[in-house]
Amino acid sequence: MWQEVSEVVARSLLVSGTATVLAASWSIPTAMFLAEKESAFRRVLLDVSNTLVGVPTVLIGLILYLLLSRSGPLGFFGLLYTPASIVAGEAILITPLIVSLSASVLREKRAEVWEMALSMGATERQASATMVAESLPRLLTAVLLGFNRAIGELGVALMLGGNIKGFTRVMTTAIALEVSRGEFELALTLGGVLLVVVFGITAIVRKVGKAG
Amino acid sequence: MWQEVSEVVARSLLVSGTATVLAASWSIPTAMFLAEKESAFRRVLLDVSNTLVGVPTVLIGLILYLLLSRSGPLGFFGLLYTPASIVAGEAILITPLIVSLSASVLREKRAEVWEMALSMGATERQASATMVAESLPRLLTAVLLGFNRAIGELGVALMLGGNIKGFTRVMTTAIALEVSRGEFELALTLGGVLLVVVFGITAIVRKVGKAG
Amino acid sequence: YHYQAGYYGGTLRVTTTTSLYNTGLLEKLAEGFRQKYPRVSIQLIAVGSGEALRRAAQGDADVVLSHAPNLEKKYLSDGTLKPGKIFAYNYFIILGPHDDPAGISGMDPVNAMAAIYKACESGRALFVSRADNSGTNARELILWSLAGVDPSGRPWYVEAGADMAQTLMVANEKKAYTLSDVGTYLKFRKRLDALEPLVEKGEVLINVYSIYTVNPEKVPGVNEKLADAFTEFVLSEDGQKIIESYGVEELGEPLFRAANGDPAGELKSAWEAMARIG
Amino acid sequence: MIELKRVSFAYPRSCEDAIKNASLVFGPGVTAVIGPNGSGKTTLLKLAALLYRPRAGEVLIDGVSFWSMPDAAKVAFRRKVVYVHEKPIMLRGSVADNVAYGLRVRNLSSEDVAARVDEALEALGIKSLAREKAQALSIGQQQRVALARALAVRPKSLLLDEPTANLDKSGREEFMELIVGLAERGTCIAVATHDRLLALKLMDRAVIVENGTATLIENPEEASLV
Amino acid sequence: MIELKRVSFAYPRSCEDAIKNASLVFGPGVTAVIGPNGSGKTTLLKLAALLYRPRAGEVLIDGVSFWSMPDAAKVAFRRKVVYVHEKPIMLRGSVADNVAYGLRVRNLSSEDVAARVDEALEALGIKSLAREKAQALSIGQQQRVALARALAVRPKSLLLDEPTANLDKSGREEFMELIVGLAERGTCIAVATHDRLLALKLMDRAVIVENGTATLIENPEEASLV
Ligand SMILES: Nc1ncnc2c1ncn2[C@@H]1O[C@H](COP(=O)(O)OP(=O)(O)OP(=O)(O)O)[C@@H](O)[C@H]1O
Ligand SMILES: Nc1ncnc2c1ncn2[C@@H]1O[C@H](COP(=O)(O)OP(=O)(O)OP(=O)(O)O)[C@@H](O)[C@H]1O
Ligand SMILES: [Mg+2]
Ligand SMILES: [Mg+2]
């Protein structure tokens with residue numbers, strides 16, 4: 001039993017970790033774009049992002065399911081019911097969260113540091129990098145919150161992964177299964193394990209962020 | 001059909017709105033406490049809060065179910081499968097998100113404004129109020145993200161509300177029901193309605209936050 | 001042919017109703033199948049009957065296991081599913097509170113539903129319905145109509161819109177009557193301190209589980225060979241034995257009965273009756 | 001009157017004391033706080049302003065040791081002392097809101113607030129800015145607002161950290177007039193500054209800060225320190 | 001060389017122009033930018049520093065109009081001009097990291113960076129602070145770091161906004177020496193300041209800013225403006 005649990009934990013970490021890295025790779029540039037200047041367009045984008053922070057995971061799951069399904073436009077990739085599809089779904093799910101949080105972090109530092117960087121001869125790209133470097137600990141927190149959200153979400157993992165034992169079963173789908181089986185104690189135990197693991201990661205990331 | 005949808009939308013707004021007000025009422029003071037000083041204790045609390053941002057909603061649902069069910073310690077209130085229990089569950093669910101975001105917002109402003117307020121003769125309570133006032137637009141965003149998260153979550157609403165038609169059915173449980181019925185188109189429509197409503201609220205709150 | 005078939009490799013996608021999966025029976029069947037076909041990997045996807053069938057129609061399943069004849073009929077008539085086989089059955093049970101305010105204990109199921117209706121109308125009881133178009137929900141509606149009453153819209157008629165487990169929890173909390181498949185009930189029994197089975201016998205409570213291969217002519221990408229092999233296994237002696245013995249050790253009684261080819265044809269006619277009424 | 005008794009202070013994560021065993025009194029009249037960059041002037045003033053808690057030693061307000069007081073009593077003592085930061089700190093509202101801040105937290109009646117705000121704005125020559133957003137002002141204008149905010153509460157002790165650094169000529173002159181007036185009326189004023197002329201004109205005594213060590217000089221002219 | 005041609009600028013959500021139709025040249029030598037608080041000195045310098053885009057008019061760098069350039073060409077021109085803010089802006093790293101910033105973005109070799117950083121730290125008298133966290137310094141120390149950071153890149157044009165506001169006596173003297181040296185070597189320097197003595201000692205010409213209007217005075221002594 002514990003071997004199976006640790007396998008599921010490892011899969012959860014891998015899947016959500018990959019999703020987080022992916023999501024961060026496009027979310028932080030997006031946030032930089034949104035934070036750079038005020039404009040009606042960017043404000044609407046930010047509203048959209050804030051809205052999507054709360055998009056129901058079943059909805060994302062459903063939309064991606066329809067895309068990835070055999071009869072869907074992306075069906076030929078054969079991604080449905082694979083860990084890759086959970087990665088994709090979770091990456092999309094947490095993108096708005098990371099974008100919103102990062103944009104607000106970067107916006108705070110914007111004017112001053114940006115001006116200083118440009119006036120010291122930085123290219124816009126270098127100035128952006130400086131902004132990110134200056135906000136690093138708080139950006140890291142934004143990304144961490146994204147990861148925590150991803151590893152704790154159920155709808156996407158269930159609809160896209162299918163909770164296939166030994167292949168796409170992650171912590172949350174395992175917990176949900178035990179709940180629907182009436183095995184509440186087991187579900188609580190799994191939940192405890194998940195939280196302990198996530199807490200460990202959170203504490204480590206905070207330490208690293210401080211050191212960096 | 002549309003009458004039913006609008007009733008469900010209204011219930012979602014009411015339930016999640018109440019949960020958000022509740023959660024904000026204790027989350028922001030907590031965030032103020034966490035942001036006030038550095039200490040190992042507060043740092044651990046913040047880590048806990050960051051961890052719980054990603055707590056699986058089924059897990060919260062299960063724990064509260066066990067507490068609120070007739071045989072549970074709080075069973076005599078008879079709250080299970082009422083909108084009140086969803087309010088409670090969602091308020092608990094979004095507390096870590098609001099605490100984490102608010103603490104990070106308040107921490108940013110901390111030293112300067114806090115010192116200024118105290119040196120101008122403010123009591124600690126007044127200084128705290130000043131900090132909150134100074135961070136108001138961004139705190140409002142934190143609370144808004146909490147609301148969006150609450151209105152989009154499924155696990156708590158399902159396990160504690162039971163998706164009872166005309167009583168505890170909210171948008172997300174309605175969407176999940178249609179998915180399980182195979183009525184994907186209907187589920188997508190409901191999802192669209194939900195997002196449009198949430199987007200409207202987000203845009204309004206942003207406007208208000210700016211004006212305030 | 002059998003021995004040749006063991007040579008197959010590939011992936012078999014099985015969508016199944018939660019009642020079969022959550023009890024653990026399907027894992028057992030999959031294990032048995034894997035022993036015969038070690039190179040095949042089976043993906044078991046447990047969702048509601050409606051979603052299971054819809055997913056099959058979308059091309060995301062090779063085999064569907066279902067117990068909702070009225071829904072199955074639709075996909076059979078449009079050709080999505082090839083004609084299937086009944087592989088197992090058990091009985092729905094009517095659960096209610098220990099004090100049984102409607103006095104249905106031991107009654108015939110149709111009379112019991114009528115009695116529940118009366119008790120509910122007089123404010124002495126509640127009824128919790130799954131209200132999710134599942135097989136169980138379809139059966140419940142049939143029972144009401146056989147009893148000649150219509151509960152829809154009544155204040156005591158709680159429409160849970162949820163899966164069996166959730167519905168049982170609601171019924172337990174509200175000390176209400178409800179209809180459940182026996183498998184989920186037995187698995188959940190230890191959680192249901194306020195409920196007990198009151199009516200467990202009767203023709204109209206028969207619950208038939210069918211297995212279908214998705215029609216490759218209608219839905220592209222179906223692995224028909226594996227699907228047929230799995231069907232064959234489930235219907236084989238070995239498969240039927242697994243079904244019959246599942247749960248005996250843990251719960252003291254079997255959760256499912258094997259169809260064993262339905263020699264008397266009762267299961268088939270029960271299926272047809274349900275498909276017609278639903 | 002603020003008295004420091006053998007006060008030492010170190011910033012967190014710093015091994016050296018930023019203020020070492022300082023004993024001095026900020027009495028009525030003007031005390032100039034003088035010393036090179038990084039010597040500890042700001043740190044000293046913030047200690048006197050009850051914003052930093054000493055690592056060792058005591059800060060006494062009117063003879064009472066502040067940091068050993070029960071919390072409930074502290075506010076009353078805090079309200080005797082006002083500190084103005086070297087970088088002006090503006091709240092989100094208008095200039096008038098900012099200047100009113102210290103009065104509002106003291107729960108003055110709104111007429112009193114309006115009258116005193118008006119007076120303070122007048123004194124700093126920024127009456128015309130009353131309705132502007134404080135955070136959108138130029139730095140010198142902000143410095144005036146910060147000074148007006150401090151003067152409006154009429155504190156017994158006033159600690160000013162490089163108050164004229166960004167003021168223009170007329171601002172500087174108005175400032176000096178104000179300080180002289182307050183000093184005459186018995187306010188205890190400390191001014192940290194690098195402006196020797198300003199110090200010379202205003203001060204009754206000087207505190208020399210050098211590498212964390214503060215020395216009170218009662219007769220700075222004689223000590224020819226300026 | 002920076003030239004402003006009929007430049008006007010208004011802050012967002014502000015109805016009045018903060019700079020009105022300014023035409024002037026910041027040429028080799030020292031230009032003092034003088035004017036009361038809120039007159040527009042900082043705004044003018046930021047326009048010259050290519051940080052604010054004019055609402056109307058042109059900013060020319062060595063004769064080329066900056067804001068109509070293709071984006072790709074802009075960096076090269078930006079690098080001719082360095083602006084130092086009135087409130088020092090420190091990055092998270094050490095003092096040395098901060099001083100190296102302008103060199104690193106120019107992709108200088110790490111030996112060159114080290115050598116130039118050393119030189120600049122020496123010039124501002126903060127060599128001993130090289131490894132300190134810049135954000136934990138006193139304000140005067142930060143101002144020195146900001147100046148060192150600007151000097152390290154050896155820009156053709158140097159725009160300094162109240163650079164001595166928080167400097168101590170020796171800092172002010174070192175600063176003057178440095179500026180004189182740079183001016184002799186042909187650097188175009190603009191210094192906004194309220195310090196009349198400093199302006200008098202350094203300037204070759206003055207720009208008087210009054211209520212958003214900037215006037216260049218080639219012979220300030222004669223015009224007896226100081
Ligand atoms: N961010 C801003 N938004 C709106 N108005 C501003 C902003 N910054 C400055 N102003 C206004 O523009 C005018 C010029 O400001 P500027 O900072 O250029 O003055 P300055 O001459 O540098 O003053 P100081 O001597 O105080 O530094 C002032 O009236 C000021 O209120
Ligand atoms: N937040 C801080 N953390 C750590 N060290 C600090 C902090 N603030 C100041 N210091 C250090 O404490 C010493 C005294 O700083 P302080 O600000 O009191 O100097 P100052 O005399 O006010 O200088 P200035 O004339 O530049 O304003 C300096 O060496 C400085 O580097
Ligand atoms: Mg200082
Ligand atoms: Mg200025």
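A quick note: this is a predicted structure, and the numbers were derived from the prediction, not measured. Proteins come first, then strands; the chains are lettered A, B, ... in the order of their sequence lines, and each starts at number 1.
The interface of residues 141-178 of chain B with chain C, defined by heavy-atom distances below 4.5 Å, comprises Leu158(B), Met159(B), Gly162(B), Asn163(B), Ile164(B), Lys165(B), Arg169(B), Leu177(B). Residues of residues 86-98 of chain B placed with any heavy atom under 4.5 Å of a heavy atom in chain C are absent; none qualify.
Heavy atoms from other residues, nucleotides or ligands lying under 6.0 Å from CZ of Phe76(B) number more than 12.
Heavy atoms of Tyr65(B) lying under 4.5 Å from chain C belong exclusively to its side chain. For Asn137(C), no part sits under 4.5 Å from any heavy atom of chain B, backbone or side chain. In this structure, chain B has heavy atoms under 4.5 Å from both the backbone and the side chain of Val170(C). The part of Asp193(C) that comes within reach of chain B is its side chain, from C-beta onward, which places non-hydrogen atoms under 4.5 angstrom from that chain.
The most heavy-atom pairs under 4.5 Å with chain B, out of Gly48(C), Ala160(C), Ala162(C), come from Ala160(C).
Between the CZ atom of Arg181(B) and the OG atom of Ser49(C) there is a distance of 13.0 Å, given to the nearest 0.5 Å. Within the model, atoms OG of Ser71(B) and CD of Glu173(C) stand 7.0 Å from one another, a figure rounded to the nearest 0.5 Å. Here the OG-CZ distance, from Ser69(B) to Arg191(C), works out to 9.5 Å after rounding to the nearest 0.5 Å. Put simply, CZ on Arg54(C) and CZ on Phe184(B) are 5.0 Å apart, with the number rounded to the nearest 0.5 Å.
Contact between Ala194(C) and Arg70(B) at its shortest, heavy atoms only, is CB-NH2, 3.3 Å.
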